[in-house]
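Below: the structure, in structure tokens.
FYI, side chains are in, hydrogens and waters are out, and symmetry mates aren't considered; it's all heavy atoms of this structure. Each ligand, and each atom within it, is numbered from 1 in the order the structure gives.
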Amino acid sequence: MAKIIISRENFYYNLNQIALKTGSKEKIAIVLKDNAYGHGLQEMATLASEYGIRYAVVRNSTEATAIRSLFETILVLGDRAVADEVLSFALNDLSDIEHAQAGARVELKVDTGMHRNGIAPEILDQALAMIRERELRLVGVMTHFRAADEMGSSFFWQQKRFAAIKAKVMDAGFENVRFHSHNSAAILRNNHFDEDLVRVGIAAYGYSELPQTFDTPPLKPVMKLTANRVSTRDLDRGECIGYGGDFIAPNPMRVSTYDLGYGDGWCRGNTFAPFVTAEGLPILGRVSMDFISLEGDKEEVCIFDDAQKAAVQLGTISYEVMTALSKEIERRVI
Ligand SMILES: *Cc1c(COP(=O)(O)O)cnc(C)c1O
């Protein structure tokens, strides 16, 4: 079976790097949305909790329920707010406030420039009034940077807007509210972090998308994808492999079929610019639903051990390569 091997050592190494930036691991909220960026929700939640992380961030209540015993609080980014002692819910819109259950713990998202989610700063007063009126418990106020991983001014003016929002919320008399804006790129570039919490995803899994100009700490990929041999055959020169026969053996060669395909979330890619595995083997012919072919007869092959490098070959980003991997693939922590 294809397997995803998770390195505990590398995960903890990355978390240590982030803790150096935040000043303590108490300030890290680990983002575990989308099956922990494909690494396995349960596996990564357990490792993070054993490391001493107390806060998590997920996409929906189903994910939160699966890991609720492992964390003190869990922020749910996209689900209806209900009253719960562990879960808190991001409010992405005024309608989220209207639909929230009285007593729910909520974190108001303010749109400082990303223009995806969050209320506009101009209606902050209205949102706060509605939160009071509906008897919601405001436990956090947050924003998200649109380009923390790029040179340019947006990171700075978004921070400024958020500072103004923080002042207003405090002036309005709300207490015990945590303020957070930083994702991975933001914390990696910031040497003066002074917020309550960082919502860290990709950096914990080993990647930085920041350009080289930023002096960022080294990180180590946590995930490795392997596949196993299903069958082997010897081809004569001119024989083809797979659907459409796109690959034609240039010489007699020994080839094997491995148990990974687009049904597992592996990218089908381009037959004529084939993906080359971590061990230097190009995928031969088209990717099938459950199989690929490679030269040789090794029992187990490493498809990638660096999702960012794999992503460059596939014309995408590390996030997509990893989150696409099927939940059905076994995750093994070493
Ligand atoms: C996904 C997400 C993060 C984590 O982003 P990374 O770039 O992976 O660190 C942080 N905050 C919010 C609101 C998110 O949706």
Open item on the list: Could you go through R59 and D34, starting from their C-alpha distance and side-chain angles, then the distance that decides it, and tell me whether this counts as salt bridge (Lys or Arg N to Asp or Glu O under 4.0 Å)?
Closed with: CA-CA 7 Å; R59 184 174 183 179; D34 295 84; 2.6 Å; yes
- [ ] Within a distance under 4.0 Å of any heavy atom of Y37, pick out the atoms of ligand 1 and give their elements.
- [x] 1 (C), 4 (C), 5 (O), 6 (P), 8 (O)
- [ ] For I202, take its heavy atoms, then give the atoms of ligand 1 lying under 4.0 Å from any of them.
- [x] 6 (P), 7 (O), 8 (O), 9 (O)
TODO: Would you kindly specify which portion of V57 sits under 4.0 Å from ligand 1, judged on non-hydrogen atoms: side chain, backbone, both or neither?
DONE: neither
TODO: May I ask you to check whether S61 and D79 show a side-chain donor-acceptor distance below 3.5 Å?
DONE: yes
Task: Close approach, Y205 and ligand 1, non-hydrogen under 4.0 angstrom - done: no
TODO: List the closest protein heavy-atom neighbour of atom 1 (C) of ligand 1: residue, atom name, distance to the nearest 0.1 Å.
DONE: K33 NZ, 1.5 Å
Open item on the list: Testing R68, R105, R137 one by one against D84 for a salt bridge (charged side-chain N to carboxylate O under 4.0 Å, His left out), which residue passes?
Closed with: R68
- [ ] Please work out which of the three classes, parallel, tilted or perpendicular, describes the rings of Y319 and Y37, given edges at 30° and 60°.
- [x] tilted
Open item on the list: Would you call the rings of F304 and W266 parallel, tilted or perpendicular, taking 30° and 60° as the class edges?
Closed with: parallel
Open item on the list: Among all the protein's non-hydrogen atoms, which is closest to atom 9 (O) of ligand 1, and how far away is it?
Closed with: S184 OG, 2.5 Å
Open item on the list: Please list, in number order, the atoms of ligand 1 under 4.0 Å from a heavy atom of K109.
Closed with: 13 (C)
Task: Passing candidate, side-chain hydrogen bond (donor to acceptor under 3.5 Å, both in side chains) with H144, options H180, Q158, R116, R199 - done: R199
Open item on the list: Test your reading of the structure: does M142 have an N or O sitting under 3.5 Å from an N or O of ligand 1?
Closed with: no
Open item on the list: With a heavy-atom distance limit of 4.0 Å, tell me whether R199 approaches ligand 1 through its side chain, its backbone, both, or neither.
Closed with: both
TODO: May I ask you to check whether G201 has an N/O atom sitting below 3.5 Å from an N/O atom of ligand 1?
DONE: yes
Task: Working for side-chain hydrogen bond (donor to acceptor under 3.5 Å, both in side chains), residues S181 and Q159 - done: CA-CA 8 Å; S181 62; Q159 273 184 310; 5.7 Å; no
Open item on the list: For D234, give me all partners under side chain to side chain donor-acceptor pair (under 3.5 Å), at least two apart in sequence or on another chain.
Closed with: R254
- [ ] Among all protein heavy atoms, pick out the one at the shortest distance from atom 7 (O) of ligand 1; state its residue, atom name and that distance to 0.1 Å.
- [x] Y319 OH, 2.8 Å
